[in-house]
Amino acid sequence: MKIAVVGTGYVGLVTGVTLSEIGHCVTCIDIDQTKVEKMKKGISPIYEPGLEELMKRNIRENNLFFTTNHREGFKDAEVIYIAVGTPEKKDGSADLSFIEEVAINIAQNINRNVIVVTKSTVPVGTNYHIEKIIKQNLVNDIKFDIVSNPEFLREGSAVFDAFNGDRIVIGADNNKAAQIIEEVNNNYGIPVFKTDIKSAEMIKYASNAFLATKISFINEISNICERLGADIEGVAQGMGLDNRIGSQFLNAGIGYGGSCFPKDTKALIQIAGNVDYEFELLKGVVKVNQKQQRILIEKLEQRFGELGNKVIGVLGLAFKPNTDDMREAPSIVIIKELLNKGAIVKVYDPIAIESAKKVLEPGVNYATSVDETLYKSDAVLILTEWDEFKEIDLSLFKQLMNQPIVVDGRNCFDLKGALENDIEYYSIGRKEINRKSEELESLSNSIR
Ligand SMILES: NC(=O)c1ccc[n+]([C@@H]2O[C@H](COP(=O)([O-])OP(=O)(O)OC[C@H]3O[C@@H](n4cnc5c(N)ncnc54)[C@H](O)[C@@H]3O)[C@@H](O)[C@H]2O)c1
Ligand SMILES: O=c1ccn([C@@H]2O[C@H](COP(=O)(O)OP(=O)(O)O[C@H]3O[C@H](CO)[C@@H](O)[C@H](O)[C@H]3O)[C@@H](O)[C@H]2O)c(=O)[nH]1
């Protein structure tokens, strides 16, 4: 089928590339000329494992094209996917201006009957808003249908998720349109769930809000564990064995970040508020997350008192591993606070350094390796659980740092290893330093 995808960010590019991989002829459209020039050469503007390989192959096989020109991209397209951003406005609600512009682009440039599919995360009812804008601006006598098809990919594993997702949600009022979009997705081999448009739009927000709730919940439990001397890892494992709870998204840490959970939780609070419903639970989830992002600063202050002139190394900047995305990364908040408190901050990330330079405060020192970050630091914070950090030779901390103090926001190391390497190790929700080895032994046995 001939398909156009508007917007080539994390969602649009992965959608376009994987649709071409499953046999469609896809043109991706973006207004960013520099990005489009790169993509035409098979270079991905984002770091996403496996993406560039698929891109190159499908460009070579003439299944995948890129353009900045909407008319050229829409020419003869039977399906148009909208995948532009819906960022957060100051009041927390979703900014629909990019979507609205695309609706006008579509109305003015389509040359045949088409199905318009919304991949972007949009507030309940937005697809009808898009339909109205297209109708009002149509220049030719053309028929179109709208379908909501929210996206559930995770950054860092987006290509894997495209072929291994749990479900594809299709929301439509017109059965024929829903059936065509189901056929478009056939070769992904993923179960399809069909529903109406508003429910599909809500499924997306409700899913993200639920996952964010799980994270804030486990973070609160971890804070209580710390105070009581229980161990969050064992607690999460024991909870997760109950199939009704499930073991995923129970990793305690420094709170959720990224381009989705922070904005979508706030948008859902607004969506509820617009119909006079106060979403109290979700407000709590957001508040807990904001508090959790400060937890490592509290631990540092408990240890050092004042942070002025302390050299703090930071390992990990991206909001999660395997991505270069810095949007709403907890590292931004933490580093800002460290600088405010007069600390000297040295940071390192295996992939996200360049995107980090665009958003971090001036005054941050950028290191090019783990060793350089550790060297003569008074303490090291771990903010992203990259494999490179989990595999660090633990003896390096003592060798390179002024004093081997590690405050780990992602529970990357086992307590025994830290103790054996003389690391003064603070982590999340676990019993901390100087624990007697026999106590640790019995703990690791019980977790096993
Ligand atoms: N990032 C994710 O992991 C993820 C996952 C699921 C859903 N979503 C949702 O998908 C949507 C897109 O997110 P993203 O992270 O891919 O966004 P992004 O900001 O990375 O990319 C958006 C792209 O759209 C382009 N664009 C803007 N206006 C345009 C126009 N008129 N014509 C053509 N291109 C235009 C921009 O130049 C940019 O390249 C959002 O609604 C988001 O909430 C994101
Ligand atoms: O147990 C966990 C799991 C995640 N996180 C944090 O939560 C954030 C989001 O992680 P993840 O969900 O893996 O990444 P995203 O790429 O943001 O994906 C989420 O947001 C996307 C955009 O809507 C959705 O499509 C995905 O289904 C949804 O998982 C990150 O900061 C993680 O560190 C935790 O703190 N603990």
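Both ligands and their constituent atoms are indexed starting at 1 by order of listing. Since this is a predicted model, take the numbers as computed values, not measurements. Just so you know, these numbers use all the heavy atoms, side chains as well, and skip hydrogens, waters and symmetry mates.
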[Y]/[X] salt bridge by N-O under 4.0 Å criterion:
X: K2; Y: D76; result: no
X: E385; Y: K390; result: no
X: D414; Y: K416; result: no
X: K341; Y: E301; result: yes
X: K263; Y: E88; result: no
X: K132; Y: E100; result: no
X: E280; Y: K283; result: no
X: D325; Y: R327; result: yes
X: K299; Y: E226; result: yes
X: K204; Y: E151; result: no
X: K56; Y: E52; result: yes

Please report which non-hydrogen protein atom sits nearest to [atom], along with the residue it belongs to and the distance in Å to one decimal place.
atom: atom 17 (O) of ligand 2; value: F319 CE1, 3.4 Å
atom: atom 25 (O) of ligand 2; value: L153 O, 2.6 Å
atom: atom 19 (C) of ligand 2; value: F261 CE2, 3.5 Å
atom: atom 29 (O) of ligand 2; value: R154 CG, 3.4 Å
atom: atom 27 (O) of ligand 2; value: F152 O, 2.7 Å
atom: atom 5 (N) of ligand 2; value: I215 CD1, 3.4 Å
atom: atom 12 (O) of ligand 2; value: F249 CZ, 3.2 Å
atom: atom 16 (O) of ligand 2; value: E155 N, 2.7 Å

What I'd like to find out is whether the side chain of [X] reaches to under 4.5 Å of the side chain of [Y], using heavy atoms alone.
X: I312; Y: S377; result: no
X: Y366; Y: V364; result: yes
X: F98; Y: V102; result: no

Between V17 and V159, does a side-chain contact (heavy atoms from CB on, under 4.5 Å) hold up when you go through it step by step? CA-CA 9 Å; V17 171; V159 173; over 6 Å; no
Would you mind telling me if ligand 2 is within reach of the side chain of [X], the backbone, both or neither, using heavy atoms under 4.0 Å?
X: N251; result: both
X: I218; result: neither
X: E151; result: backbone
X: I254; result: neither
X: K320; result: side chain

Fill in: Ligand-side contact atoms (ligand 2) for residue partner C260, heavy atom cut-off under 4.0 Å
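In order of numbering, the contacting atoms are 20 (O), 21 (C), 22 (C), 23 (O).
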What are the atoms of ligand 2, with element, lying closer than 4.0 Å to any heavy atom of R410?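 Counting from 1, the qualifying ligand atoms are 33 (O), 35 (O).
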Side chain or backbone, does [X] bring an N or O within less than 3.5 Å of an N or O on ligand 2?
X: E385; answer: no
X: K204; answer: yes
X: L211; answer: no

Exercise for review: Go through F397 and F413 one step at a time and tell me if the ring pair (Phe, Tyr, Trp, His ring centres under 6.0 Å) criterion holds.
Suggested key: CA-CA 12 Å; F397 290 98; F413 307 141; 5.8 Å; yes
Show the short N or O contacts, below 3.5 Å, that ligand 1 makes with protein N or O atoms; if there are none, say 'none'.
{"from": "ligand 1", "atom 1": "1 (N)", "to": "E155", "atom 2": "OE2", "distance (Å)": "2.8"}
{"from": "ligand 1", "atom 1": "1 (N)", "to": "S259", "atom 2": "OG", "distance (Å)": "3.4"}
{"from": "ligand 1", "atom 1": "3 (O)", "to": "E155", "atom 2": "OE2", "distance (Å)": "3.2"}
{"from": "ligand 1", "atom 1": "15 (O)", "to": "R327", "atom 2": "NH1", "distance (Å)": "3.4"}
{"from": "ligand 1", "atom 1": "15 (O)", "to": "R327", "atom 2": "NH2", "distance (Å)": "2.9"}
{"from": "ligand 1", "atom 1": "16 (O)", "to": "Y10", "atom 2": "N", "distance (Å)": "3.0"}
{"from": "ligand 1", "atom 1": "16 (O)", "to": "V11", "atom 2": "N", "distance (Å)": "2.9"}
{"from": "ligand 1", "atom 1": "19 (O)", "to": "R327", "atom 2": "NH1", "distance (Å)": "3.4"}
{"from": "ligand 1", "atom 1": "31 (N)", "to": "N105", "atom 2": "OD1", "distance (Å)": "3.4"}
{"from": "ligand 1", "atom 1": "32 (N)", "to": "H70", "atom 2": "NE2", "distance (Å)": "2.9"}
{"from": "ligand 1", "atom 1": "37 (O)", "to": "D30", "atom 2": "OD1", "distance (Å)": "2.6"}
{"from": "ligand 1", "atom 1": "39 (O)", "to": "D30", "atom 2": "OD1", "distance (Å)": "3.4"}
{"from": "ligand 1", "atom 1": "39 (O)", "to": "D30", "atom 2": "OD2", "distance (Å)": "2.7"}
{"from": "ligand 1", "atom 1": "39 (O)", "to": "K35", "atom 2": "NZ", "distance (Å)": "2.5"}
{"from": "ligand 1", "atom 1": "41 (O)", "to": "T86", "atom 2": "OG1", "distance (Å)": "2.6"}
{"from": "ligand 1", "atom 1": "41 (O)", "to": "T121", "atom 2": "N", "distance (Å)": "2.9"}
{"from": "ligand 1", "atom 1": "43 (O)", "to": "T121", "atom 2": "OG1", "distance (Å)": "3.4"}
{"from": "ligand 1", "atom 1": "43 (O)", "to": "K263", "atom 2": "NZ", "distance (Å)": "2.6"}

Discussion item. Check for me whether N208 has a heavy atom closer than 4.0 Å to any atom of ligand 2.
Written reply: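 N208: in contact with ligand 2 (<4.0 Å).
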For atom 8 (C) of ligand 2, which candidate among G257, S259, G258 provides the closest heavy atom?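 The residue whose heavy atom sits nearest atom 8 (C) of ligand 2 is G257.
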